[in-house]
Undergrad: 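Sending over a structure as structure tokens; questions will come in a sec.
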Amino acid sequence: MSGRVEIEYCTQCRWLPRAAWLAQELLTTFEAELSELALKPGKGGIFVVRVDGEVVWDRREQGFPEPTAVKQAVRDRVAPGRSLGHSDKASQE
């Protein structure tokens, strides 16, 4: 089973609460699909989400993520074809 998610966040910017909240959202949504979720302290304004080493969200390029967008990016890698219910519907409007 793969499905390792890493959220690297800036400690200088005090983004731990944001990273922890996003981690909770992902663990709740993908409790059966994820093998691990790591919070990685970083510096310099970083906020990056990776799945199995692949960047799926980078704050510098895409801004701060909405949980729905990150859930869709993670789902596409760990559970393709799985419906996210109302989260999918909101993105298709």
Undergrad: Measure across E33 and A79 and return the closest heavy-atom pair with its distance rounded to 0.1 Å.
TA: CG-CB, 3.9 Å
Undergrad: Could you report the tightest heavy-atom contact between C10 and G44, atom names first, then the distance?
TA: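 Scanning both residues, the minimum pair turns out to be SG-N, 3.7 Å.
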Undergrad: Let me check something: do W21 and V49 share a hydrophobic cluster, defined by ILVMFWY side-chain heavy atoms less than 4.5 Å apart, either directly or through other members?
TA: no
Undergrad: Kindly give the heavy-atom pair with the smallest separation between R50 and G53, and that separation in Å.
TA: CD-O, 4.1 Å
Undergrad: Give the minimum heavy-atom separation between A73 and V56, together with the two atoms involved.
TA: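 Of all heavy-atom pairs spanning A73 and V56, the closest is CB-CB, 3.9 Å.
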Undergrad: Hydrophobic cluster membership, with links at side-chain heavy-atom distances under 4.5 Å among I/L/V/M/F/W/Y: are V5 and L27 in one?
TA: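 Yes, one cluster joins them.
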Undergrad: The test is side chain to side chain contact (heavy atoms under 4.5 Å, CB included); show your working for R77 and D52 and say whether it passes.
TA: CA-CA 9 Å; R77 282 147 185 92; D52 296 327; 5.9 Å; no
Undergrad: Kindly compute the distance separating CG (L37) from CD (Q24), expressed to the nearest 0.5 Å.
TA: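 Nearest 0.5 Å value for the CG-CD distance: 11.0 Å.
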Undergrad: Can you hop from V48 to V70 via hydrophobic side chains spaced under 4.5 Å?
TA: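 No, V48 and V70 fall in different hydrophobic clusters.
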Undergrad: Any chance you could lay out the side chain to side chain contact (heavy atoms under 4.5 Å, CB included) test for L22 and W57, step after step, and finish with the verdict?
TA: CA-CA 12 Å; L22 184 58; W57 198 275; over 6 Å; no
Undergrad: Give a yes or no on whether V55 and F47 share a hydrophobic cluster (residues Ile, Leu, Val, Met, Phe, Trp, Tyr; joining criterion: side-chain heavy atoms under 4.5 Å apart).
TA: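 Per the 4.5 Å side-chain linkage, V55 and F47 are not co-clustered.
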Undergrad: Any idea which heavy atoms bring R60 and D58 closest together, and the distance?
TA: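 Nearest pair, atom of R60 first, then D58: N-OD1, 2.9 Å.
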Undergrad: Please check if the side chain of Q12 supplies one atom and the backbone of G45 the other of a donor-acceptor pair under 3.5 Å.
TA: no
Undergrad: Atom SG of C13 and atom CZ of R59: how far apart are they, to the nearest 0.5 Å?
TA: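 Those atoms lie 7.0 Å apart.
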Undergrad: Give the intermediate values and the outcome of side chain to side chain contact (heavy atoms under 4.5 Å, CB included) for residues T29 and R82.
TA: CA-CA 11 Å; T29 302; R82 176 180 163 193; 4.2 Å; yes
Undergrad: I46 and F64: same hydrophobic cluster, using ILVMFWY side-chain contacts below 4.5 Å?
TA: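 Looking at the clustering, F64 is in a separate group from I46.
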Undergrad: Sort out for me which residue in V74, V78, V51 forms a side chain to side chain contact (heavy atoms under 4.5 Å, CB included) with L26.
TA: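 Checked V74, V78, V51 against L26; only one passes side chain to side chain contact (heavy atoms under 4.5 Å, CB included): V74.
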Undergrad: Return the NZ to OG1 distance between K43 and T11, rounded to the nearest 0.5 Å.
TA: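 Rounded to the nearest 0.5 Å, the NZ-OG1 separation comes out at 6.0 Å.
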Undergrad: If every non-hydrogen atom of W15 is compared with every non-hydrogen atom of Y9, which pair is closest and at what distance?
TA: C-CD1, 3.9 Å
Undergrad: Answer yes or no: does atom CD of E66 have more than 12 heavy-atom neighbours from other residues, nucleotides or ligands under 6.0 Å?
TA: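 No.
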